[in-house]
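Single-structure report; data block below.
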Protein chains: 2
Amino acid sequence: MEPENRELADIIDNLRRVFQVVNEHSKKAEKSSGITGPQLWAIKTISEKAPIRVSDLAHQMYLHPATVVGILDRLEARELVTRTRSSTDRRVVTIDLSEKGKELVRRAPEVAQGLLVAGLEKLSREKRKVIGEGLRYLVDILGVQEIPPKLMRSPEINTPE
Amino acid sequence: MEPENRELADIIDNLRRVFQVVNEHSKKAEKSSGITGPQLWAIKTISEKAPIRVSDLAHQMYLHPATVVGILDRLEARELVTRTRSSTDRRVVTIDLSEKGKELVRRAPEVAQGLLVAGLEKLSREKRKVIGEGLRYLVDILGVQEIPPKLMRSPEINTPE
DNA sequence: TGCTAATAATTAGCATACAAATCATTTAAG
DNA sequence: CTTAAATGATTTGTATGCTAATTATTAGCA
């Protein structure tokens, strides 16, 4: 393989690696907090925005509503969240944290900190710059061909507060 | 927000963006080739390394063997790959492409990585270098951090595969 | 008013993905 | 040589994640 293609292949391999590792670590979160990464992510989002509609939660999490429903099913089964059908618009279901859910958020605040952030913070300013710049290029070239999402609202990604 | 945190937030946001776009692209590939992204990835890997053992394939793909078994089941059901139990070590199963599988690889060579590769190829050598380097750092810090599974991933980053 | 379109949540069906347990086989220890 | 440990693939069970279809409700309009 020519060095040019080697370089491309490396980029793609590394992207996959990042995906895998990020995925893998989210599974490890389960062991220390008792719930899975996505569930924890949902809980955290709900704790910040509650009461929140299912569709808004899905939007907040960049996930499909159908996926969120499944996560909510499991959280509700553990009595961490509550579902309430709105009286003004009976199509709408609003989600809240139960006491148990709030307790979980209180008890595991550091969970939100995250491995990636911790790792990035330890890096030198220069390396962080390189990572940031490289990703920016990547987003640029990908963004050109990005397909407008259908069901989910604009996945316009907001910077965390 | 201080510039330092701004930088971190940007990195994480861009990662999310990349995840999403690549994810969508993988679905596009599915529609044009008839098989899913992971299946295509497996086919491509097999075509490069065949005959290959199941565990080696899993390693190549950064996936758990159990996951690969499922993918192989579906590929075998479509008669795209063949499983052969080794005669020298009867625990080992080696995977090969069927004629149909080879034909698919011939017919859809670029589908697997099309969007990414096409975009990357258009970039200047300089920018490509920056992307490659940045990802390498990223993989490094993720790899290093993987050892102590104490802290966990920021759920915000745990975007779908 | 009454019919149709749009919206919100859910369900059903499929494909990843992993950990843990299992089965068969091979290797190593005594 | 016999048994215990290790290895390779698979099975089982749980959790994502998506699309498409369904149900219930609301909004829009003739």
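Every value quoted in this text rests on a predicted model; they were computed, and no experiment measured them. Order of the sequence lines sets the chain letters (A, B, ...), proteins ahead of strands, with each chain counted from 1. The analysis underlying the following values was restricted to heavy atoms, covering all of them including side chains, and did not include hydrogens, waters or symmetry mates.
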### Task
Go through the steps for A:Arg85 and A:Val92 under the test side-chain contact (heavy atoms from CB on, under 4.5 Å), then give the verdict.
CA-CA 6 Å; A:Arg85 197 161 282 275; A:Val92 172; over 6 Å; no
At less than 4.0 Å, is any side-chain N or O atom of [X] found next to OP1 or OP2 of [N]? Yes or no.
X	N	value
A:Thr67	D:dC18	yes
B:Thr36	C:dT16	yes
A:Ser55	C:dT7	no

### Query
Looking at residues 81-93 of chain A, who's got a heavy atom less than 4.0 Å off DNA chain C?
A:Arg83, A:Arg91, A:Val92, A:Val93
### Strand DNA chain C as a dot-bracket string - pairs counted if Watson-Crick or G-U with both distances under 3.5 Å, | where the partner lies in another strand
||||||||||||||||||||||||||||||
### Task
Report the C-alpha separation of B:Asp96 and B:Ile52 in whole Å, then their side-chain angles, then the decisive distance to 0.1 Å, and conclude whether the side-chain contact (heavy atoms from CB on, under 4.5 Å) test is met.
CA-CA 7 Å; B:Asp96 271 292; B:Ile52 187 173; over 6 Å; no
d([atom1], [X]; [atom2], [N]) in whole Å:
X	N	atom1	atom2	answer
B:His64	D:dT10	NE2	C1'	11 Å
B:Ile35	C:dA15	CD1	C1'	13 Å
A:Tyr62	D:dC18	OH	P	14 Å
B:His59	D:dA9	NE2	C1'	17 Å
B:Leu72	C:dA17	CG	P	13 Å
B:Trp41	C:dA15	CH2	P	18 Å
A:Leu63	D:dA15	CG	C1'	13 Å
B:Leu75	C:dC14	CG	C1'	15 Å

[atom1]/[X] to [atom2]/[Y] distance, rounded to the nearest 0.5 angstrom?
X	Y	atom1	atom2	result
B:Thr94	B:Asp56	OG1	CG	11.0 Å
A:Arg74	A:Leu80	CZ	CG	12.5 Å
A:Glu48	A:Gln60	CD	CD	8.0 Å
A:Ile46	A:Leu97	CD1	CG	5.5 Å

#### Entry: Smallest separation among heavy atoms of B:Leu75 and B:Ala42, with atom names
CD1-CB, 4.1 Å
### Derivation of the side-chain contact (heavy atoms from CB on, under 4.5 Å) call for A:Glu99 and A:Leu104
CA-CA 9 Å; A:Glu99 268 314 316; A:Leu104 190 148; over 6 Å; no
#### Entry: Sugar-phosphate only, base, or nothing, as touched by A:Arg74 at under 4.0 Å among non-hydrogen atoms
base
Among the candidates [options], find the nucleotide nearest to the side-chain atoms of [X].
X	options	result
B:Ala66	C:dA15, C:dA9, C:dA19	C:dA19
A:Gln39	C:dT16, C:dA8, D:dA15	D:dA15
A:Arg53	C:dA9, D:dT10, D:dG8	C:dA9

### Message
Please determine whether a side-chain nitrogen of the Lys or Arg among B:Lys100 and B:Glu103 lies less than 4.0 Å from a carboxylate oxygen of the Asp or Glu.
### Response
no
### Query
Should B:Val54 and B:Leu57 be marked as a side-chain contact (heavy atoms from CB on, under 4.5 Å) after you check the CA-CA gap, both sets of side-chain angles, and the distance that decides it?
CA-CA 5 Å; B:Val54 172; B:Leu57 179 58; 5.7 Å; no
